[in-house]
Protein chains: 2
Amino acid sequence: MERVDYLSDERKRAQFDVDAMKYVWAGSRHAFEVSDRISKLVASDPAFRKDDRTMLPRKELFKNTIRKATYSWKRIIELRLSEEEAAKLRFYVDEPAFTDLHWGMFIPAIKGQGTDEQHQKWLPFAYKMQIIGCYAQTELGHGSNVQGLETTATFNPKTDEFILHSPTLTSSKWWPGGLGKVSTHAVVYARLITDGKDHGVHGFIVQLRNLEDHSPLPGITLGDIGTKFGNGAYNTMDNGVLRFDHVRIPRDQMLMRVSQVTREGKYKQSDVPRQLVYGTMVYVRQTIVADASCALSRAVCIATRYSAVRRQFGSQNGGPETQVIDYKTQQSRLFPLLASAYAFRFVGEWLKWLYTDVTQKLQANDFSTLPEVHACTAGLKSLTTSVTADGIEECRKLCGGHGYLCSSGLPELFAVYVPACTYEGDNIVLLLQVARFLMKTASQLGTGKQPVGTIAYMGRIEHLMQCYSDVQNGTFFFLKIQLT
Amino acid sequence: MERVDYLSDERKRAQFDVDAMKYVWAGSRHAFEVSDRISKLVASDPAFRKDDRTMLPRKELFKNTIRKATYSWKRIIELRLSEEEAAKLRFYVDEPAFTDLHWGMFIPAIKGQGTDEQHQKWLPFAYKMQIIGCYAQTELGHGSNVQGLETTATFNPKTDEFILHSPTLTSSKWWPGGLGKVSTHAVVYARLITDGKDHGVHGFIVQLRNLEDHSPLPGITLGDIGTKFGNGAYNTMDNGVLRFDHVRIPRDQMLMRVSQVTREGKYKQSDVPRQLVYGTMVYVRQTIVADASCALSRAVCIATRYSAVRRQFGSQNGGPETQVIDYKTQQSRLFPLLASAYAFRFVGEWLKWLYTDVTQKLQANDFSTLPEVHACTAGLKSLTTSVTADGIEECRKLCGGHGYLCSSGLPELFAVYVPACTYEGDNIVLLLQVARFLMKTASQLGTGKQPVGTIAYMGRIEHLMQCYSDVQNGTFFFLKIQLT
C-alpha cells in the first residue's frame with residue numbers, strides 16, 4: 001500500500017525558526033533541554049507506558065498508578081534528579097496521583113500555615129515520603145462556601161486536645177485526592193471551637209491511618225468516592241470520603257502560624273498578616289493557567305496533525321482529496337485555539353511574575369495590589385480553564401469520528417481536564433468575584449483612589465470617554481482588510 | 001441526622017397540571033401509559049440493572065449488554081409485547097447495542113433498498129434474529145464523503161458473482177456498530193464495478209461469520225476498534241473494523257430496488273425514483289431530534305433536582321443557606337436548557353409530520369418539497385444535537401464537583417450522547433448544506449420560483465424589507481420590560 005507522509009510536507013513549510021520557538025515555549029533554552037531530556041527518559045521506559053490506561057479496570061489502573069508513583073520516586077533518587085527535573089518527570093508521567101496532593105497541597109499547607117516548630121516536626125517525614133498527606137477541605141455539602149464547612153474541631157482544655165467530629169452527613173469530607181486509599185495524614189479544615197465559641201475554619205494536621213498496617217485509626221471512616229468521568233483520567237486518583245467520630249488530636253497539630261489556641265484554650269491571632277494565605281492562592285491559580293496552555297496545546301497538536309493527514313472531498317480528476325486543514329470551516333475552529341494555547345502560555349509567564357511581585361509586596365506589608373491581583377488570577381483561571389475545556393472538546397470534534405476513540409488521546413484529555421473548571425474556585429463564582437471587583441473599582445472612580453495594574457486604564461476614564469473608533473461594524477472592518 | 005425533603009417542597013409549588021404535562025410530553029395519554037408501564041417493568045427487573053455500568057471492565061460490560069439484549073428479546077416474546085412496547089423496552093434498557101443497528105439500520109436498508117424477492121428471502125431471518133445484521137458504510141478514510149468510499153464490488157460475469165475487496169488501508173470499514181463481535185451479516189456499501197466501469201457506491205448483503213461457530217468467513221478480517229469515550233456509554237457497542245480480501249457473493253445480494261446488474265453484467269436503473277432514499281434519511285434524522293430532547297431532558301432533570309437540593313452561601317442568622325436554584329446565575333444557565341428540551345420535543349413532533357408529508361409526496365412522484373425538507377432536517381439535526389451535547393456538559397458543571405462523579409449519571413450521558421454531533425452527518429457539514437440551500441433560495445428570488453414551507457417568508461422579501469423594528473439595542477429592550 002502507498003504511504004505518503006503528509007505531516008513531513010507540512011512541517012517543511014514552517015515559516016519560522018522551529019527551534020527558536022521551542023525555547024520560547026519552554027521559557028528558555030535550559031528549560032527546553034531539561035524538558036526534552038526528561039520527556040525522553042519517561043517515553044523510553046516501559047514502566048511508564050500509558051497506552052493501556054484507558055482500557056484498564058479501575059482497580060488495575062489504580063494499582064498501576066501506585067506502582068508508577070513508587071517507581072518514579074525510586075528513579076528520582078537513583079538519578080539524583082534536581083527538584084526541577086523531578087517535577088518534569090512527574091509532568092511527563094502524566095497521571096493524576098496522590099503524590100500531586102502530597103507535594104502540591106499537603107506540604108505547601110504546612111509550610112504556609114505551620115509554625116517553625118511544626119515545619120521541623122512534620123516536613124522531614126513528608127519530604128522523605130515516610131508519611132503521605134492530602135488536603136481535606138471540601139465536604140459533601142460545601143465547596144465554594146469554605147466558611148460554611150461543618151466539620152468541628154473542639155478544644156478540650158482538660159486533655160489539651162482537639163476533638164474532630166463530623167456532625168452531619170453533609171459534613172463528610174468528600175473529594176480530597178489521595179484520601180480514599182493512600183494517605184496516612186491529612187491537613188483537615190474544620191470549625192475551631194473553644195469554650196463554646198466558633199472561630200471559623202482552621203487547618204489541622206491529622207493522622208488518618210496506622211503506619212504499621214495502613215488501617216484507619218479509631219473513630220475514622222475512610223473510603224473511595226467511586227468512578228469519575230472518563231477512561232483512565234482521574235480514575236487514577238483515590239478521591240475519598242472521610243468522617244470523624246470524636247477523634248482526638250494534640251493541640252500542637254493545629255496549624256498555628258496565623259492564629260493560635262493556647263494551653264488555656266484562649267484563641268488569638270499572631271502578628272503574621274492573614275493576607276499571606278492569598279499568596280498561596282495566587283501561586284496555585286498561576287499553575288492552573290500554565291496547565292491550561294499545556295492541555296490545550298496537546299489537543300490542538302492532535303487536531304492539527306489529524307487535519308493535515310485527513311482528506312475529504314474535493315478530489316479533481318481522481319487526484320487526492322483536499323486536506324481538511326485547508327477548509328476555512330476547519331481553520332476558523334482550529335486556529336483560534338492554536339493561538340489561545342500560545343496566549344495562555346505567555347499570560348502564564350506574566351502570572352508567574354505577578355506572583356513574585358505580590359509575594360515581595362506582601363512580605364513588605366504592602367497589600368495595595370492584592371485586590372487587583374486576586375481579580376486577575378480569578379478571571380484568568382476562569383477564562384483559561386473554560387476555553388481549554390471547551391477547546392479540547394472542539395478539537396475532538398475536529399477529528400470527526402476518530403476523536404471519539406480513546407486511541408486519539410482526546411477523550412481522556414477532556415475527562416482529565418474538565419474538573420479544572422470546578423476545582424480551586426468554580427469558574428462562574430470566580431467571574432462574579434471579578435465583576436464585583438470591577439464594579440467596586442468603577443464606583444470608586446473620582447474618590448481620588450487610583451486603580452492600579454491591569455485596571456489602571458480606568459483611571460483615564462475621562463480621556464477614554466472622548467475617544468471614538470471610526471469602525472462601524474465587523475463587515476466594514478473586514479472590507480478594509482480585503483481592500484488593503 | 002435531620003432529613004428535609006426540599007424536592008417535595010418544590011414539587012408542591014408547580015403552577016401547572018403535572019399529569020396533563022406528562023401526556024403532552026409523551027404525545028398522548030396512551031403513549032404515556034405505555035411508557036410508564038414499560039419503564040416500571042424495566043426498573044423492577046434486576047436483570048436490567050444499570051448502576052454498575054460505569055464500573056465494569058470493557059469485556060464484562062460487553063458480555064452484560066449481550067446478556068441484556070438476549071434477555072430483552074426473551075421478555076418481548078414471553079410478554080407478547082407489541083412493536084411500540086418492544087421499542088419502549090429497548091429505550092428503557094438504555095444501552096447502545098448491536099440490536100440498534102440490526103433493527104434500526106440493517107432491516108430498514110433491506111426494506112428500503114431491496115427488491116420484493118430480497119425482502120422475502122432475508123427479512124424473515126432478520127425478524128426472528130436468526131441472522132444479526134449491521135450497516136457497514138463508513139471507512140477509515142471516508143465518513144462525510146460517502147461517494148469517496150474505496151471498497152470495491154466487482155462483477156464477475158463468469159461466476160455471476162461480485163468480488164468484494166478492500167484495496168487500501170483507508171478502505172477498511174471502520175465504526176459500524178455490531179460489526180466487531182456480534183453480526184453475522186452486514187449491508188456493505190462498495191463501489192460497483194462492471195466491465196471496468198465504476199458506477200459509484202451501492203449496497204450489498206454480505207455474510208460475515210459462519211452461522212455454526214461464528215468464525216469470520218474466508219477472506220474476511222474482523223475486529224473491535226477499541227475503547228470509546230467515557231465509562232459505560234458506547235463501550236457496550238462492538239464498533240468494528242472489516243476488511244475484504246477478494247470475497248465472493250452471489251449477484252442477487254446486491255440491493256436492487258433502485259438499480260440492477262443483469263446476468264450479463266449490464267448496469268441499469270429501475271423506474272423507482274432515487275429520491276426515495278431521502279425518505280429514510282428524513283426518518284433517521286427525525287428520530288435523532290427526538291432523542292436530543294430526551295437526552296437533554298434527562299440532564300436538565302438531574303441538574304434541576306440537584307439545584308433544588310444543593311444550598312450554598314446566603315445563610316442568615318444560622319438558618320439554611322440559599323438553594324442554588326434561586327441564584328440568577330444558575331437560572332440563566334439552567335432554564336434555557338429546560339426550555340430547549342421542551343422545544344426539541346415539539347419540533348421533533350413537527351418533524352414526524354414532515355416525514356409523513358414528504359413520504360406521501362415522494363410516493364406521488366412529487367419531489368418539490370424535498371430540498372426544503374432536507375435543509376430542515378439537516379439544520380435541526382445539527383442544532384438540536386449541538387445544543388444537547390453542550391447542554392449536558394453545562395448541566396454537569398451546574399452540579400459542581402458532584403457532576404464529575406459517574407454516580408451523578410451525567411458523565412455517561414455526555415459520553416454516550418456526543419457522537420450524535422458527528423454521526424449521520426457531521427454537524428458543521430450539515431450547517432454548510434443548510435447555508436448553501438438558503439443562498440440558492442435567495443439567489444432564485446425574483447425568478448418566479450416561490451420558496452415553500454419554512455422558507456416561504458423569503459417570498460415576501462419586498463414587503464419584509466419595508467418593515468423596521470424600533471428596538472435600538474438589547475439595553476433598550478430590557479429597559480422597556482423593566483418599565484412595564
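Everything quoted here is computed from the prediction, not taken from an experiment. Quick note: numbers below take in every heavy atom, side chains included, and nothing from hydrogens, waters or symmetry partners. Sequence lines set the chain letters: A, B, ... in the order given, protein chains first and strands last, and positions in each chain run from 1.
Residue contact with chain A, scored on non-hydrogen atoms closer than 4.5 Å, is absent for Asn427(B). The part of Ile428(B) that comes within reach of chain A is its side chain, from C-beta onward, which places non-hydrogen atoms under 4.5 angstrom from that chain. Only the side chain of Asp390(B) comes within contact range of chain A, with heavy atoms under 4.5 Å apart. Only the side chain of Leu432(B) comes within contact range of chain A, with at least one heavy atom under 4.5 Å from a heavy atom of that chain. If you measure heavy-atom distances from Arg311(B) to chain A, the contacts under 4.5 Å come from the backbone alone. Heavy atoms closer than 4.5 Å to chain A are found in both the backbone and the side chain of Leu140(B). Heavy atoms closer than 4.5 Å to chain B are found in both the backbone and the side chain of Ser144(A). Using a 4.5 Å cut-off between heavy atoms, Tyr423(B) makes no contact with chain A at all. Looking at Glu321(B), only its side chain comes within 4.5 Å of chain A, counting heavy atoms on both sides.
Distance check: Ser166(B) OG to Asp245(B) CG gives 8.0 Å after rounding to the nearest 0.5 Å. To the nearest 0.5 Å, the span separating SG on Cys395(A) from CG on Leu410(A) amounts to 7.0 Å. Going from atom CD1 of Ile225(B) over to atom CH2 of Trp175(B) covers 4.0 Å, rounded to the nearest 0.5 Å.
Classification of the Tyr135(A)-Tyr189(A) ring pair by plane angle, with boundaries at 30° and 60°, yields tilted. Aromatic ring pairs are classed by plane angle as parallel below 30°, tilted from 30° to 60° and perpendicular above 60°; the pair Tyr404(B) and Tyr234(A) is perpendicular.
Highest contact tally toward chain B, considering only Pro419(A), Cys421(A), Gly143(A), is held by Pro419(A) [criterion: heavy-atom pairs under 4.5 Å]. Heavy-atom pairs under 4.5 Å with chain B were tallied for Gly400(A), Pro57(A), Gly141(A), Ser407(A); the largest tally goes to Gly141(A). Interface summary for chain A: among Met55(B), Arg310(B), Arg58(B), the most heavy-atom pairs under 4.5 angstrom belong to Arg310(B). The candidate with the highest count of non-hydrogen atom pairs below 4.5 Å against chain A, out of Glu412(B), Lys397(B), His402(B), is His402(B). Chain A forms the most heavy-atom pairs under 4.5 Å with one residue out of Thr138(B), Thr227(B), Leu431(B), Thr422(B), and that residue is Thr227(B). When the candidates Arg396(B), Gln330(B), Arg333(B), Lys228(B) are compared by the number of heavy-atom contacts under 4.5 Å with chain A, Lys228(B) comes out ahead. The choice from Gly230(B), Ser408(B), Ala389(B), Gly148(B) that makes the most heavy-atom pairs within less than 4.5 Å of chain A is Gly230(B). Looking only at heavy-atom pairs under 4.5 Å with chain A, the residue among Val429(B), Leu405(B), Asn235(B), Leu56(B) that has the most is Leu405(B).
In this structure a side-chain-to-backbone donor-acceptor pair under 3.5 Å is present from His165(B) to His246(B). A donor-acceptor contact shorter than 3.5 Å is absent between the side chain of Glu150(A) and the backbone of Thr168(A). Here the side chain of Arg191(A) pairs no donor or acceptor atom with the backbone of His199(A) at under 3.5 angstrom. Counting only distance, with no hydrogens or angles, the side chain of Ser307(A) and the backbone of Ala303(A) share a donor-acceptor pair below 3.5 Å. Asp198(A) contributes a side-chain N or O that, together with a main-chain N or O of Gly200(A), makes up a donor-acceptor pair within less than 3.5 Å.
A pairwise comparison of heavy atoms in Val416(A) and Pro96(A) identifies CG2-CG, 3.6 Å as the closest pair.
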